[in-house]
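Structure first, commentary second.
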Amino acid sequence: MKKRIITAACLALLFHPKVKAQNDTTTVYKKQKLKIEEVNFISSYYTQQGDNSAVTGGKGTEKLTDIATNIEVVLTKKNAYKRTHQFNLSLGVDSYTSASSDKIDPNTVSSASYQDVRVYPSAQYAYKNDEKKYIVNAGLSFSAEYDYFSSGVNFGYAKSSKNNNREFSAKASVFLDTWKVILPVELRNNPSDNQANNGDMKPRNSYNLGLTYAQVVTKNFQLAFMTDIGYQQGLLGTKFNRVYFDNATVASEKLPDTRFKLPAGVRANYFLGDNLVLRSLYRYYTDTWAIQSHTFSFEPVYKINAFSSIALPYRFYTQTQANYFKAINQHVQGTEFYTSDFDLSQFSSHMLGLSYHKTDNDRGIFNSRRIHSFELRYGYYSRNNGLQSHIITLALQFK
């Protein structure tokens with residue numbers, strides 16, 4: 001039917017003697033197919049060392065390595081009203097080894113949790129109306145590994161002002177997760193807290209609402225205000241983490257089954273001339289487990305030429321400890337909730353990095369016109385409790 005209507009309109013215009021080409025305001029729509037707009041490839045290698053493993057009660061090796069790869073394909077299509085439909089399809093795979101996880105059952109040569117693979121596909125759809133300055137999007141995501149399965153859904157909306165100087169965006173997401181309970185080997189026949197039995201399947205659900213307001217203050221100065229409200233419900237403790245009490249008894253980590261999170265932050269970017277951009281961020285966080293944290297980050301980006309730039313990101317982070325944390329052999333028997341996971345302790349950390357980014361629309365990267373951009377990033381992270389990590393990331397964009 002659509003083809004017949006278009007043909008009839010064309011014939012009428014062709015043979016009507018009073019119609020002139022310069023007065024024609026009718027645009028014939030040619031049906032478009034989905035086209036590949038870009039393909040993004042990201043791969044990283046991460047390694048860490050430390051001596052506060054929660055699996056062995058807050059004392060022991062935290063050695064871990066992870067190789068992560070993600071491929072994203074972006075497809076676009078314009079309809080008859082020049083509205084853009086965009087589809088993002090991605091697949092991520094992580095392969096990691098964890099020495100501390102091997103201590104869940106020290107009697108095994110290498111337990112199933114020592115080495116694991118996580119697979120996480122996702123699909124995102126966005127509808128963009130350039131005339132009315134808004135974007136609507138929705139997506140699905142999944143994640144699966146040895147003892148964990150997650151499914152998620154998200155919805156988003158963004159609206160810009162007519163001059164593009166202001167933008168408000170909102171994104172709501174829900175993650176419905178299922179844990180397979182794995183207890184330390186010595187507690188499998190007699191769990192101390194009766195919160196879960198070995199092999200049980202338990203839920204952990206997360207609900208998030210992110211809000212962002214961005215403003216162009218001047219030609220060289222931009223601000224954005226952000227919050228990402230979160231609520232979790234279900235089995236929030238990691239049951240293979242041990243807790244050693246002051247009387248030398250041992251139990252499986254036990255935490256409340258709800259947690260409310262409230263972060264708020266401000267991001268500021270300043271363009272200092274043609275070659276230097278100063279990016280900064282401050283973020284405050286609080287939750288119902290009594291953790292409060294502050295994050296400060298600063299990243300100068302120097303533009304070497306029209307095609308390449310380098311950046312030196314730095315981040316400082318500090319937090320208070322959760323109500324339920326104590327180090328090994330410090331918990332008192334009879335306490336309702338308890339953990340020796342140093343992620344919930346009081347600590348401060350520093351992250352320092354270096355990145356190089358190159359883009360070339362004409363010649364491409366590495367003499368390949370298909371490769372639109374190349375980025376190499378390195379980051380070093382350290383905590384004041386001894387945890388240290390290194391990460392190196394390669395990102396390629398194909399067009």
Side-chain angles (χ1 to χ4, degrees), residues 34-48 62-76 85-101 112-126 135 137-156 169 171-180 182 201 203-208 210 228 230 232 234 238 313 315 343 351 353 355-357 365 370-381 389-399:
L34 278 172
K35 67 174 183 177
I36 297 179
E37 191 73 24
E38 62 186 56
V39 177
N40 298 303
F41 173 85
I42 300 176
S43 185
S44 65
Y45 174 78
Y46 172 86
T47 180
Q48 74 174 36
E62 294 178 270
K63 185 178 180 180
L64 181 146
T65 61
D66 179 82
I67 299 174
T69 301
N70 186 276
I71 298 176
E72 178 192 44
V73 179
V74 180
L75 305 167
T76 61
H85 300 268
Q86 181 172 302
F87 299 86
N88 292 42
L89 306 175
S90 69
L91 175 64
V93 179
D94 290 3
S95 177
Y96 67 86
T97 60
S98 172
S100 62
S101 295
S113 57
Y114 172 75
Q115 184 171 3
D116 201 358
V117 174
R118 182 171 75 100
V119 180
Y120 44 103
S122 67
Q124 192 81 16
Y125 166 75
I135 301 173
N137 57 69
L140 296 171
S141 61
F142 302 92
S143 178
E145 53 188 303
Y146 172 72
D147 59 345
Y148 196 84
F149 178 80
S150 173
S151 60
V153 60
N154 66 79
F155 301 94
S169 62
K171 184 176 182 179
S173 60
V174 177
F175 296 94
L176 305 177
D177 305 345
T178 303
W179 284 77
K180 179 182 178 181
I182 302 175
M201 304 302 292
R204 172 187 286 184
N205 301 327
S206 302
Y207 309 90
N208 302 285
D228 192 7
Q232 289 182 295
T238 304
R315 186 183 69 209
D343 286 344
M351 193 285 295
S355 71
Y356 172 75
H357 181 83
I365 310 296
R370 293 287 186 182
I371 305 178
H372 172 71
S373 69
F374 161 85
E375 185 169 0
L376 189 63
R377 300 190 294 264
Y378 167 77
Y380 169 72
Y381 173 86
S389 69
H390 303 266
I391 183 169
I392 185 167
T393 303
L394 170 67
L396 297 173
Q397 184 182 78
F398 301 84
K399 284 193 173 185

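Bear in mind that the values here come from a model prediction, so they are computed numbers and not experimental data.
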What distance separates [X] [atom1] from [Y] [atom2], expressed to the nearest 0.5 Å?
X: Leu75; Y: Leu34; atom1: CG; atom2: CG; result: 5.5 Å
X: Ser150; Y: Tyr148; atom1: OG; atom2: OH; result: 5.0 Å
X: Ser44; Y: Ile67; atom1: OG; atom2: CD1; result: 9.0 Å
X: Asn154; Y: Leu140; atom1: CG; atom2: CG; result: 7.5 Å
X: Leu376; Y: Tyr356; atom1: CG; atom2: OH; result: 10.5 Å
X: Glu145; Y: Lys180; atom1: CD; atom2: NZ; result: 12.5 Å

### Message
A side-chain contact here means heavy atoms from C-beta on lying under 4.5 Å apart; do Asn208 and Asp228 qualify?
### Response
yes
Cut-off 3.5 Å, no hydrogens considered: what does the side-chain donor-acceptor table look like for residues 87-95, sequence neighbours left out?
from: Asn88; atom 1: OD1; to: Gln86; atom 2: NE2; distance (Å): 3.0
from: Asn88; atom 1: ND2; to: Glu72; atom 2: OE2; distance (Å): 3.0
from: Ser90; atom 1: OG; to: Ser122; atom 2: OG; distance (Å): 2.5
from: Asp94; atom 1: OD1; to: Tyr120; atom 2: OH; distance (Å): 2.8
from: Asp94; atom 1: OD2; to: Arg118; atom 2: NH2; distance (Å): 3.2

### Query
Between the side chain of Asn70 and the main-chain N/O of Ile42, is any donor-acceptor distance below 3.5 Å?
no
### Query
Glu62 side chain to Gln48 main-chain N or O, any donor-acceptor pair under 3.5 Å?
no
### Query
Which residue pairs pass the salt bridge (Lys or Arg N to Asp or Glu O under 4.0 Å) test when at least one of the two sits in residues 389-399, sequence neighbours left out?
none
### Task
Mark yes when over 12 heavy atoms from residues, nucleotides or ligands other than Ile36 sit less than 6.0 Å from its CD1; otherwise mark no.
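Incorrect, the count does not exceed 12.
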### Heavy-atom closest contact (Asn205 atom, Asp177 atom, distance)
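For Asn205 and Asp177, the tightest heavy-atom pair comes out as OD1-N, 3.5 Å.
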### Task
Taking all heavy atoms of Gln124 and all of Gly139, pick out the closest pair and write down the distance.
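For Gln124 and Gly139, the tightest heavy-atom pair comes out as OE1-CA, 3.3 Å.
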### Tyr378 versus His390, side-chain donor and acceptor atoms under 3.5 Å
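Judged by distance alone, the side chains do pair up.
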#### Entry: Qualifying residue for side chain to side chain contact (heavy atoms under 4.5 Å, CB included) with Ile391, from Tyr381, Tyr46, Tyr380, Tyr45
Tyr46
